[in-house]
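Data first, discussion second: the structure below is written as structure tokens.
Letters A, B, ... mirror the listed sequences (proteins, then strands); counts begin at 1. Values below: every heavy atom of this structure, side chains too, minus hydrogens, waters and symmetry copies.
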Protein chains: 2
Amino acid sequence: MISDRQLKILEAIISDFIESAQPVGSRTISKKYPLGISSATIRNEMADLEELGYLFQPHTSAGRIPSDLGYRLYVDSLVREYSISPRDKEIIQSLLLNKIIEAGDLAKQAVKLLSEFTKLVAIVSIPKFNKCRLANLKLVKVSDSKVLLILVTDTGIVKNIQLALSNTEQFVLDRISDTMVDHLMGETIENIDVRAISRIKEKLKSLGDVVDYLIPILRDALKSLNGTEMHVDGISHLLSTYEFSDTEKARHIFEFIKDQQALEQLIEQVPTNQLSIKIGSEIGIDALDDCSIIASSYKVDGNNAGRILILGPKRMDYGAVVSTINYISNTLSDVFSGIYL
Amino acid sequence: MISDRQLKILEAIISDFIESAQPVGSRTISKKYPLGISSATIRNEMADLEELGYLFQPHTSAGRIPSDLGYRLYVDSLVREYSISPRDKEIIQSLLLNKIIEAGDLAKQAVKLLSEFTKLVAIVSIPKFNKCRLANLKLVKVSDSKVLLILVTDTGIVKNIQLALSNTEQFVLDRISDTMVDHLMGETIENIDVRAISRIKEKLKSLGDVVDYLIPILRDALKSLNGTEMHVDGISHLLSTYEFSDTEKARHIFEFIKDQQALEQLIEQVPTNQLSIKIGSEIGIDALDDCSIIASSYKVDGNNAGRILILGPKRMDYGAVVSTINYISNTLSDVFSGIYL
DNA sequence: ATTAGCACTCGTTATTATTGAGTGCTAACA
DNA sequence: TGTTAGCACTCAATAATAACGAGTGCTAAT
């Protein structure tokens with residue numbers, strides 16, 4: 001179907017285009033790449049590659065640009081993953097393994113690292129909180145009128161919710177939270193249903209009014225935790241990308257990224273358990289037609305925990321991005337799974 | 001110094017420029033604004049206003065553009081604060097008073113609202129954590145090897161820090177945290193010094209090794225909380241602003257905003273206790289020469305807690321922004337101070 | 001003091017010409 | 001038969017030129 005020589009030419013064209021962002025001509029290839037064939041021959045091959053759908057011309061008298069199909073072939077069989085330099089590994093490790101880090105900030109740190117290394121947009125999602133298992137729950141009196149509900153999952157994520165509750169002693173709150181922990185520990189948050197709640201209510205009858213008031217609030221609070229948390233970093237990199245130097249295009253992408261719902265949907269369709277690369281139209285979103293997405297996921301104790309992705313122009317250094325995202329997602333998994341603790 | 005008529009003309013010019021982003025000519029003013037004077041007269045007055053430094057021409061045959069001085073006069077004596085519509089007040093209230101909100105998310109919600117209402121960049125800072133007073137402290141065993149240190153301030157902010165600590169029972173952790181709370185409650189976090197720590201260590205001697213191991217970690221953890229937390233939203237609005245449709249300019253501003261340190265510095269020089277407006281060169285940062293900043297602060301129980309600001313082109317609707325920022329910062333103060341609980 | 005009138009300036013827009021990178025095709029060649 | 005030199009052709013990008021018009025400053029009349 002496609003000859004070895006054609007493959008080499010395609011690779012040269014795509015490499016060159018990734019570098020220069022300009023349509024690549026036959027003369028450029030014959031001069032810059034030691035394929036030992038003349039520009040005329042390359043022209044002929046290019047015409048064939050175009051017919052096969054791997055290349056196209058923006059207009060008749062211009063060089064060639066890889067099509068989405070061309071990129072696909074490139075990514076599938078030509079890209080080699082780099083190995084990350086020991087220096088970079090060290091940086092990543094030291095920033096993610098810093099023990100004095102707020103648990104919720106780990107994802108933020110990761111997303112920052114990822115966008116700084118790749119110079120592209122990085123997105124890290126934290127799994128829906130209500131799919132997590134409850135590891136601990138604590139009611140803390142903060143002031144005369146405020147109580148803080150602190151929830152800890154087995155993945156070490158902490159949520160705190162402010163509740164209005166006056167004239168309640170800490171030891172009452174302790175009784176309530178201890179009982180709740182006894183009954184709910186290990187349960188996924190979405191599974192905490194009316195029956196579980198009413199059993200707890202029964203147990204705590206002796207405490208009186210407070211329970212009647214508090215329990216429904218607690219139930220609502222738990223119910224409210226159903227959003228996917230996402231962290232995005234490196235958006236400004238888009239502006240220095242040739243493809244998006246037109247403000248209009250950049251704005252479309254910006255607005256897509258800002259749209260929580262759309263982004264959530266995008267993230268959710270990323271397969272877990274394997275690295276996935278989507279190129280241009282494969283993404284299926286108009287605003288991202290000029291982009292590629294490289295996505296992976298990280299795990300906590302072997303379970304899929306969250307997703308981690310890179311968004312950039314199709315014309316990106318796939319090899320470098322893949323190795324960076326792999327290394328960071330693995331490190332993140334390790335840290336979350338506590339193998340370094 | 002400046003006549004009443006000149007003031008009226010200046011106001012007309014600035015209003016028009018804010019609307020159109022185009023240099024304003026004498027004919028436009030005489031036609032659109034009912035000042036009862038001809039374009040020739042306005043031309044003369046404009047020449048005078050230019051001499052006084054309130055206006056300038058981008059080139060000889062163009063209309064006038066307000067200078068920073070012109071904006072300053074406009075802001076100081078011509079801008080009228082709008083009153084916010086009941087409908088908008090309701091929206092703001094309902095989103096900030098939602099009781100089931102994670103404490104740390106309140107600032108995020110506020111910054112989002114602010115940028116959505118003004119269509120500009122909004123920034124909200126949360127005061128340095130180590131200036132806050134400790135209201136509660138809790139060590140929670142999350143897994144066999146992980147312990148979570150949960151800190152609560154009197155302002156209701158919660159931080160949680162992951163610690164590595166194996167083979168420790170929860171009741172030991174409780175003893176430690178209870179003792180720490182006894183000794184440190186009400187103290188500002190930066191004031192927790194070696195002496196306080198060693199007193200605690202003394203008290204807990206009976207618990208043995210764990211204390212020796214944990215206490216220095218806890219001290220380091222507390223020390224690490226010295227950054228100002230900032231939330232930014234609405235950056236994409238800049239891209240739809242005429243002034244920044246040039247990607248280069250937009251990028252400079254983006255990069256400035258992304259620079260935590262620079263942003264922190266900027267925020268810190270904002271006066272608390274009063275609304276402040278800085279125009280263009282008054283800001284003193286090259287990248288923001290085409291911008292204005294409107295800044296306020298919010299309070300918790302009467303004390304300055306954090307700052308809240310709007311960044312946009314000089315050509316912004318000052319009246320609307322001022323009223324929005326005022327309303328939101330007041331509401332935020334009220335919510336943080338718990339008057340709605 | 002105000003304004004109509006007019007010459008002048010200069011950025012913007014439209015038009016046209018020029019350039020050059022790149023192509024496809026043909027014919028000669030190994 | 002595959003490869004290549006050569007050439008006519010295409011078309012975006014750039015440069016050069018002309019025409020336009022919004023706006024000014026100045027002068028002289030009201």
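- Side-chain atoms of T324(B) come within 3.5 Å of backbone N or O of A320(B) as a donor-acceptor pair.
- Look at NZ on K32(B): it is 15 Å from C1' on dA22(D), rounded to the nearest Å.
- Using a 4.0 Å cut-off, no side-chain N or O of S61(A) falls inside it from OP1 or OP2 of dG20(C).
- Taking atom CE on M46(B) and atom P on dT2(C), their separation rounds to 16 Å, with Å as the unit.
- Classification of the Y74(B)-Y318(B) ring pair by plane angle, with boundaries at 30° and 60°, yields perpendicular.
- Computed from coordinates, the Q22(B) CD to dA22(D) P distance equals 13 Å when rounded to whole Å.
- K249(B) pairs in a salt bridge (charged side-chain N to carboxylate O under 4.0 Å, His left out) with only one of the listed residues (D289(B), D286(B), D290(B)), which is D290(B).
- Remark: aromatic rings of F254(B) and F254(A) are close, center separation under 6.0 Å.
- Considering only side-chain atoms of H59(B), the nucleotide from dG11(C), dG25(D), dT23(C) that sits closest is dG11(C).
- If you take CG of D16(B) and P of dA22(D), they are 15 Å apart, rounded to a whole angstrom.
- Note: CD1 (I65(B)) to P (dG11(C)) measures 13 Å, nearest angstrom.
- A salt bridge links R251(B) with E248(B): the distance from a Lys NZ or Arg NE/NH1/NH2 to an Asp or Glu carboxylate oxygen falls below 4.0 Å.
- Distances shorter than 4.0 Å separate some side-chain N or O of T60(A) from OP1 or OP2 on dC11(D).
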Per-nucleotide protein contact string for nucleotides 3-8 of chain D, where B marks a base within reach and S marks sugar-phosphate only (heavy atoms under 4.0 Å, - for neither): SBBB--
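- The interatomic distance linking L49(B) (CG) with dT24(D) (P) rounds to 12 Å, in whole Å.
- Of all non-hydrogen atoms in M46(B) and G25(B), the two that sit nearest each other are CE-C, 4.0 Å.
- For the pair I13(B) CD1 and dG23(D) P, the computed distance is 12 Å after rounding to whole Å.
- Protein atom CD1 of I9(A) is 12 Å distant from nucleotide atom P of dT23(C), rounded to whole Å.
- At a threshold of 4.0 Å, the pair R72(A)-E282(A) counts as salt-bridged, since one of the basic side-chain nitrogens sits closer than that to a carboxylate oxygen.
- In this model, the phosphate group of dT24(D) is approached by a side-chain N or O of R64(B) to a distance below 4.0 Å at OP1 or OP2.
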